[in-house]
Each structure stands twice: as C-alpha cells, then as structure tokens.
Amino acid sequence: MAVQFSEEKLNKVKEIIARYPEGKHKSALIPVLHLAQESFGGWLSAETMDYVASLLQITPIEVYEVATFYSMFNMQPVGKYLFEVCQTGPCMISGSDQIIDYIKKKLGIGVGETTADGLFTLKTVECLGACGYAPMMQLGKHFREHLTPEKVDAIIEECRAKAN
Amino acid sequence: MARKLLLDKAHIENIRYYDVYRANGGYAAAEKVFKGMSPEQVVEEVKKSGLRGRGGAGFPTGLKWSFLAKPEGVPRYLVCNADESEPGTFKDRYLMEFLPHLLIEGLLISSFALGAHRTYIYIRGEYAWIPDILEEAIEEAKRNNWLGKNIQGTGYDLEIYVQRGAGAYICGEETALIESLEGKRGNPRIKPPFPAVKGLWESPTVVNNVETLAAVVPIINIGGEEYAKIGIGKSTGTKLISACGNINKPGVYEIGMDISVEEFIYSDEYCGGIANGKRLKACIPGGSSVPILPANLLLKTAKGEPRMMTYEGLNDGGFVTGSMLGSGGFIVLDEDQCVVRNTLTLARFYHHESCGQCSPCREGTGWMKRVLNNIENGKGKMSDIDLLWDIQRKIEGNTICPLGDAAAWPIAAAIRHFRDEFEWHVLNPEECLKRNYGLAHYADPLPVPAAVAAAV
C-alpha cells in the first residue's frame, strides 16, 4: 500500500492544521497520526510516520518519539479487529479476568497475539473510563460494555460477518 | 431528592441538541453574562461560589483564574481537561456525551471571563466517538452565534476546538496535557513557571476539568452566593460521583456535598447497596490514586462520626484514617474481593502510565508491581511488605508531577489498613491461589444500612 492520503484526507489535514495559530502546526501531529493509523492498516509503519513528518514539515524523530509514547498507536501490525480489554481494578473486581480468559480460549490466542486468519488481535489495556459498565473492551471507535461470554460470542460473530 | 444543577436536564430527550437545550433554559447563563457582566464580574461570581477543581485536586477555581497573567498583546488560552483517565472515574464522559451544550456554554462563559479567543477541549483518545458529538454541538452553537465572530453582537470572538489524545493517563496532568497539545510526548513540565504564566505555546493558560467548567453555568444562573449555600463548609455546590464496583446501581450521580458516605452507598437514590446481597469490605472513594479505606473507616471517621461525602469529610483523619474526594471515582469492593490483587492492578496501571522522566516513579512503579505480583501469586516474603512500604515512601514527593504520589498512596493505604491480608498471602502461599481472604474484621462494627436504620 502506497502511503499517500486521499484528496479528502489531505483536506482534513489542512482543516486540522487550521485549528492552531500560525506556525504551531506541530500540534496537529497526534490528530494526523490517528488519521494515518486509520487510513494505513491500523498501525504506524516507519514509512507512514515518515510520510506524516513530511506532511507536517517536522523531522521523523519528532514523529517517532510521539508515536511510541501513546498507547493507542500500534507500532506493529494488528488484526482487522482489535479487542482491547480493560484489566484495571474496577474492571478486575467486576470479572475482567474471566472475560480475558474466555476470549483467549475462544480465539485460541494469547494477549498480544493475532489469529492466523488475521482477523482478531487481543490486547489488554489499562482503564478506559467505563468502570461503571465493566467488564468492557474497546473495539474500533466504540466501547462494548457489560461483557459476558455470550456477548463476546456475539461480537466475534458480528466481526466475522462484517469481514466476509 | 437532592438539588441537581448539572444533571437536572439530563433526562430530557434529545437534550444533546441545541434546539432542545435552548428551549429548556440553555444559554441563559451566557445571555446573562453578555447582557451586563464584565469578565471581572464573572470571575467574582465563581470566587463567591467556592467552586473547587473537579478533576481531583480541588483547588479553588476562582483563585486559579485570578492567577492568569495578562500581558499586553499576548493571547491567553483556556484548555478544557477532558482526559479523564483516573481509574474509577467516568463522569466527564457522561457530561460530554449527554450534555455537550452545557460544557460549551461553560467554556463560552469561562473563555469570556479569561479573555481567551481560542479554546481547546483535550479529550482522551479512547473516547473516540465523543469528539463527533462535541463538534456537532460546536457547529450548532456557531450557527446560532454563540461561537465564532462577534458573538451575540458583543464584539467578542471565540473558537472552540476538540483535540484527541492517544492513550496516556499522564496527559491529565495539566503541563503534560499542554505538551501533548503542542504535539509532543506527555512529559510533565517543571513548575514554576505555572501554566497561568507560561502555558500553551508559552502563553498564559488556564486548564480546568470538564465538570468544573460545566459548573460555571449554574453558578452564573443562580449566582455564586446561592451556589455556595449548597454543601458543607468549603465543599460547596454539587459534585458528580461515578460509582462502580460491587454495587447494585453503578453510574454517575450528582450529589449535594451534604450527604453521608453511608447514604450514598446504601440509599436507592444512589448506589442502592452492595450487589448480590454481599457485604461491604472496602472502598476507594475518589479515584484509584486516593487511599483505600476498610468499610469501618469509610462509613465512620476515627472519632465515630458519620463520614460525609465532602472534600473535608473524606479527608477526615488525614491519610492515617481518612482518604480524599479526589475526582469522585467511587470504587466499591465487596467481601469477595482481594485487596492484594486490586492493589496489584493499580500498581500495574501506574507503572504502565509513568512517563519515565523521574527515576523514582519510572523504576519504583515497576518494582512495586513485581513485588505485588509475587505476593499475589504465593511467592512473597514477609520482608516484601516492608519493602513495598519503603519503595512507596521513596517515590512520594520525589517526582516532578503528582503521578508518583498517585502511585505511592494506594500501596501505602492498602498496607496500612490491610496488612494482615498481605501477611495471610505470604503465610498461605497455596491457599491464597484458591480463595480470597474475605471480609475478616474490616467491616467490624457492622454497618446498618441507611434504609434499615430509617425503618427502625
């Protein structure tokens, strides 16, 4: 995949840069990295980060140091559907350990691994701010809350259906 | 029924949209300001209200505003801290999701008071669907001339922008947030200079929490003095509490700061008691950073008085027998929960979230996590408990930002109040893998639920 934003996304980049005063375009880095990750396969390759650097006219190291700092930026390829299951205190006391075990068994993968078909990656994450609706996971843009084994089954089915 | 100032309209269908918000009294506070209040008068009302920062620190908002430097020809900024990442806390999410115009109205009034013309909402990256809600509300407000140029014919201009973070608890610390907003790693800055003098792009900046800025709306509507009449002492007004863990009704509640912890946990208006007929063992009342308390010290202070849901009430007894109101992230643990395991998850959290700048925090959080992991898994030694105590003491106060303290306090409190549970893990390495220590003596004397007490 050639790393190049579509016309529409380039306009979005311009719109983001316009949010800041003149000369402060480096502030656009995190929003543009989100856009790049969404556009180029769900992770940030060196090529993608270099492209972002050239767009914002900053050095590649300025992009790398930021991309590696924030947990939402994936430095390795991930499956088409990334299950990010919270494991911090409030989720743990509401049964997140059992949910993580269930997903591992169901998908036959460990934490940090991707299924052989490239569809699913399981990741454990720290508190996402859904403590009252635990256990929970982030899937793409949204939270899936009050998880049970049945709900996990339904989510997996939903993803498989979408992928076909 | 307690008085509600923030969530009073949350039940109205489609209150998320401008027309409905406006038809239900929305933007009346902004109207009041633009019809006859100077920026100084707005600051004065906020001072009179006694409003304290709702993000966790509880610093008086009016005072923070009055520190803002105002050099000629230099822009000033207001930044709304929507990075909400403290485990147990999910109240700002609720406000932004369901009442975006309340926040925007609060931002408008506050920006006007501070003389800011460009205001940013920095929202945690994981709340990925909320920027769309906020941006739609911003567009609506713009179409109705509450944002943009020459707002309501006053000559005042304001733009509000939403900036997403990308997963970093540390960016809730205001100087780390500013760094992140400048497109950098979220490493906290050394203070001074404080953001009020040198903040975003080296300009004077105020950073306030979502709930704090939303509270400015009712303060203007009812007046600072009226707002200050709610609550006890220096805990004025209402506070959002996000309640979670082993309770019947987890969720976001608005309380007047004049009720007891017991009422909050057991009354049907709030948490509705402990779930599944279990008994209360412990609670972290103000977000994961604040000291955990056993049930007996949570419900009553060391003096035997009912503990109140106020800044001072939760802090009664200091860290020896008290805790903090913090961000209002109220985490309840029932008798089946393991305090060691819970503490381990928090140690892991702080280790994961340490930015790495200061050695005591970077190394200490990981060390505490490994020691706790051993104790939890039956591989601990008695000396490990003292070692944990020693490590947390060496982190506290020795870091640039408060994340070090936030990582140290939960460990200290867990050992202070639940030492025998830690010792039990060490002495029973096999049994601790099969069962939890249980309630033990932590609920003693047994609390009488408020509902039962009222019926007697």
Side-chain angles (χ1 to χ4, degrees), chain A residues 15-16 18-21 23-35 37-38 44 56 58 62-74 84 86-97 124-134 136 138-143 145-146, chain B residues 75 84-90 92-93 118 120 124-129 132 159 161-169 171 180-187 200-201 242-246 250-252 284 288 329 331-334 336-338 341-346 348-349 352-353 355 410:
Chain A
E15 190 193 310
I16 293 169
R19 295 173 188 168
Y20 317 104
K24 307 299 181 195
H25 53 275
K26 188 176 169 179
S27 285
L29 179 53
I30 291 172
V32 173
L33 281 175
H34 276 302
L35 195 64
Q37 181 161 285
E38 278 162 38
L44 297 172
L56 295 179
I58 56 179
E62 288 176 277
V63 179
Y64 305 160
E65 65 176 10
V66 164
T68 53
F69 183 84
Y70 295 93
S71 62
M72 289 181 78
F73 295 130
N74 300 312
E84 297 177 285
C86 176
Q87 58 172 355
T88 314
C91 270
M92 187 277 289
I93 63 175
S94 307
S96 63
D97 289 349
T124 52
V125 293
E126 300 299 343
C127 190
L128 298 187
C131 319
Y133 324 110
M136 64 78 66
Q138 178 142 36
L139 177 57
K141 204 170 173 178
H142 295 276
F143 287 177
E145 298 168 332
H146 298 295
Chain B
E84 187 165 69
S85 306
E86 174 86 1
T89 316
F90 47 99
D92 296 337
R93 163 188 170 182
R118 217 186 256 268
Y120 295 91
R124 67 175 302 176
E126 293 91 340
Y127 287 172
W129 70 99
D132 295 345
E159 294 290 344
Y161 301 102
V162 182
Q163 176 97 350
R164 262 179 85 195
Y169 167 75
C171 291
S180 182
L181 187 45
E182 291 182 358
K184 296 183 253 172
R185 295 164 73 92
N187 289 344
L200 181 61
W201 303 308
S242 56
C244 63
N246 312 123
V252 178
I284 305 172
S288 64
I331 311 167
V332 177
L333 283 72
D334 71 20
D336 289 345
Q337 303 307 327
C338 172
R341 183 155 185 80
N342 186 62
T343 310
L344 166 63
T345 74
L346 300 184
R348 186 182 59 210
F349 173 83
H352 183 263
E353 302 300 343
C355 82

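We name chains A, B, ... by the order of the sequence lines, and we start the count at 1 in each one.
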| task | Identify the two heavy atoms, one from Pro87(B) and one from Cys131(A), that lie closest to each other, and give their separation to 0.1 Å. | result | C-SG, 4.2 Å

| With the threshold set at 4.0 Å, does a side-chain nitrogen-carboxylate oxygen contact exist between Glu182(B) and Lys26(A)? | no

| message | side chain to side chain contact (heavy atoms under 4.5 Å, CB included) for His352(B) and Val125(A)? Distances and angles first, verdict last. | response | CA-CA 9 Å; His352(B) 183 263; Val125(A) 293; over 6 Å; no

| query | Which of the residues Ser85(B), Ser242(B), Ala168(B), Ser180(B) is involved in the greatest number of heavy-atom pairs with chain A at under 4.5 angstrom? | reply | Ser180(B)

| field | Distance in Å, Cys86(A) SG paired with Phe349(B) CZ, rounded so as to fall on 0.5 Å steps | value | 9.0 Å

| field | Intermediate values then yes/no, side chain to side chain contact (heavy atoms under 4.5 Å, CB included), Lys184(B) and Leu29(A) | value | CA-CA 8 Å; Lys184(B) 296 183 253 172; Leu29(A) 179 53; over 6 Å; no

| message | Minimum heavy-atom separation for Gly186(B) and Tyr70(A), please, with both atom names. | response | N-OH, 3.3 Å

| chain A contact via Ser288(B) - side chain, backbone, both or neither, heavy atoms under 4.5 Å | neither

| Most contacts with chain B, counted as non-hydrogen pairs under 4.5 angstrom, among Glu65(A), His25(A), Glu62(A), Gln87(A) | Gln87(A)

| Looking at Arg164(B), Glu86(B), Gln337(B), which has the largest count of heavy-atom pairs under 4.5 Å with chain A? | Arg164(B)

| Do Ile93(A) and Arg341(B) touch side chain to side chain, with heavy atoms closer than 4.5 Å? | no

| said: Can you tell me which of Cys91(A), Gly140(A), Gly89(A) forms the most heavy-atom pairs within a distance under 4.5 Å of chain B? | reply: Gly89(A)

| In terms of the angle between their ring planes, are Tyr120(B) and Tyr20(A) parallel, tilted or perpendicular, with boundaries placed at 30° and 60°? | parallel

| note | Ranking Glu84(B), Glu159(B), Gln163(B), Glu353(B) by heavy-atom pairs under 4.5 Å to chain A gives rank one to Gln163(B)

| request: Might you point out which heavy atoms bring Tyr127(B) and Gly129(A) nearest each other, and give the distance in Å? | output: OH-O, 3.5 Å

| note | Residues Gly245(B) and Ser94(A): closest non-hydrogen pair is CA-OG, 4.3 Å

| query | Are any side-chain N or O atoms of His142(A) and backbone N or O atoms of Ala128(B), one a donor and one an acceptor, separated by less than 3.5 Å? | reply | no

| task | Can you measure from CD (Glu126(B)) to CD (Glu126(A)) and round to the nearest 0.5 angstrom? | result | 11.0 Å

| query | Considering only heavy atoms, which portion of Cys355(B) lies under 4.5 Å from any heavy atom of chain A: side chain, backbone, both, or neither? | reply | both

| Looking at Ala166(B), Gly88(B), Gly183(B), which has the largest count of heavy-atom pairs under 4.5 Å with chain A? | Ala166(B)

| query | Is there a side-chain contact between Val162(B) and Arg19(A) (heavy atoms, below 4.5 Å)? | reply | no

| query | Pick from Gly329(B), Cys244(B), Cys338(B): which one has the most heavy-atom pairs with chain A under 4.5 Å? | reply | Cys244(B)

| task | Answer with side chain, backbone, both or neither: which region of Asp334(B) has an atom nearer than 4.5 Å to a non-hydrogen atom of chain A? | result | neither

| request: Please flag which part of Arg93(B) lies under 4.5 Å from any non-hydrogen atom of chain A: side chain, backbone, both or neither. | output: side chain

| said: I'd like to verify something: which residue of Ile16(A), Ile30(A), Leu33(A) has the highest number of heavy-atom pairs under 4.5 Å with chain B? | reply: Ile30(A)

| request: Under 4.5 Å, counting heavy-atom pairs only, tell me which of Ala67(A), Pro31(A), Ala130(A), Gly132(A) racks up the most with chain B. | output: Gly132(A)

| task | Compare all side-chain heavy atoms of Met92(A) with those of Arg348(B) and state whether any distance is below 4.5 angstrom. | result | no

